[in-house]
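Read the structure below first, then the notes.
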Amino acid sequence: MTTSPLHDWNLAPAEAIALQRRLAGRVERADRLAEVRHIAGVDIGFEESGAITRAAVVVLAWPRGSEREWTVVERVVHREPTRMPYVPGLLSFRELPAALGAFDELETQPQLVMVDGQGIAHPRRLGVASHLGLWLDLPTIGVAKSRLCGRHAEPGPERGDWTPLTDGHEVIGAVLRSRSGVKPVFVSPGHRISLPTALDWVIHCLGRTKLPEPTRLADRLASRRGQ
DNA sequence: GCGACAG
DNA sequence: ATCTTGTCGC
C-alpha cells in the first residue's frame with residue numbers, strides 16, 4: 001500500500017476534528033493557478049442503500065467551444081464500500097476516499113476542480129473542497145446547494161447577484177444567485193484560490209441551470225441519472 | 001438546555 | 001445523500 005500524503009481515513013470524530021484544525025492552516029486562500037485548460041467537477045452518490053459510495057469526476061475543456069458548447073474530455077466513476085456515516089462538519093472523511101479513487105483513475109490533469117460542498121465556509125475552515133485541494137495540491141472551489149455555517153443577506157434576484165457569506169467579521173464565501181427564481185448556491189474558496197476568482201470561475205461555468213456545468217455533470221453521473 | 005447541521 | 005409522480009411554468 002502507499003503512504004498517505006496527509007493522513008489515513010479511519011478516525012474517530014474527535015481525531016478528525018483535531019486533524020481539520022491542523023490541515024486548515026495549510027489551506028492557501030490566495031490565487032495560485034496555472035493556465036486553465038481543463039476543469040474537473042466532482043460529486044458523490046450512493047448505491048445499495050448507502051453501502052457503496054460512488055464517486056464521479058467529469059473533466060471539461062476550457063475555453064469551451066462556443067457560448068453553450070462544452071466538450072467533455074473525460075469521465076470516471078469509482079465505487080468502493082462506504083466507511084463513515086454522514087456527520088455535519090466531517091463530510092470529507094466520508095466522501096474523499098472514493099473521490100480520490102476516482103482521481104487516481106483519471107488520465108487528464110485538471111488545473112481547477114469544482115466540488116459539490118463547501119470550501120472554507122466550514123466551522124473549522126476545512127470543507128470537503130479544501131480538504132480535496134490540499135490532498136491533490138490543486139486549486140479547488142466549493143459549490144454547495146445549501147449553507148453549513150455563516151450568515152448572509154438574501155442576494156438580488158438576477159443571475160450573478162451575490163452577497164457575502166460571513167462568520168463574525170470574516171468573509172468565508174458568497175451566496176450566489178446562479179439562476180433567477182431559484183435558491184442561491186454557496187460558493188467558497190477550496191484551496192489555492194481567492195473568493196473573487198472562485199466566483200468568476202463559477203459564473204463563467206454557469207449555463208441555464210442552477211449548478212455550474214462541471215458540478216452539474218458530475219452530479220448526474222454520481223447519481224447514475226446521467227448518461 | 002435548545003436549535004442548526006454541506007451530502 | 002436517498003425514497004419517488006405528477007405538475008406548474010418558461
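No experiment lies behind these values; they were computed from the predicted model shown. First the proteins, then the strands, lettered A, B, ... as listed; each starts at 1.
- Between A/Leu211 atom CG and B/dA6 atom P the separation is 16 Å, expressed in whole Å.
- Using a 4.0 Å heavy-atom distance criterion, A/Gln118 is classed as a base contact.
- The nearest whole Å value for the distance from the CG atom in A/Asp219 to the C1' atom in C/dA1 is 10 Å.
- In terms of phosphate contacts, A/Arg147 brings a side-chain nitrogen or oxygen within less than 4.0 Å of OP1 or OP2 of B/dC5.
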For this session: Output, in order, the C-alpha distance, side-chain angles, deciding distance and verdict of side chain to side chain contact (heavy atoms under 4.5 Å, CB included) for A/Arg177 and A/Glu158.
Result: CA-CA 7 Å; A/Arg177 187 76 68 188; A/Glu158 301 307 315; over 6 Å; no
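- For A/Tyr86 and B/dG7, the ring-to-base geometry satisfies the stacking test (centroid distance below 5.5 Å, interplanar angle below 30°).
- Note: CG (A/Leu221) to P (B/dG7) measures 18 Å, nearest angstrom.
- The phosphate of B/dG7 has OP1 or OP2 within less than 4.0 Å of a side-chain N or O from A/Lys145.
- Minimum atom distance to the side chain of A/Asp43 is reached by B/dG7, of the listed B/dC5, C/dT2, B/dG7.
- If you check B/dA4, B/dA6, C/dA1 against the side chain of A/Phe46, the one that comes closest is C/dA1.
- For A/Asp137 and A/Arg32, the salt-bridge test passes: some basic side-chain N is under 4.0 Å from an acidic carboxylate O.
- For the residue pair A/Thr215 / A/Asp116, no side-chain donor-acceptor distance below 3.5 Å is found, with atom types taken as modelled.
- Taking the six-membered ring where tryptophan is involved, the planes of A/His152 and A/Phe186 are perpendicular, since the angle between them exceeds 60° and thus also 30°.
- B/dC5 atom P lies 13 Å from atom CZ of A/Arg151, rounded to whole Å.
- At the phosphate of C/dT2, neither OP1 nor OP2 sits under 4.0 Å from any side-chain N or O atom of A/Ser223.
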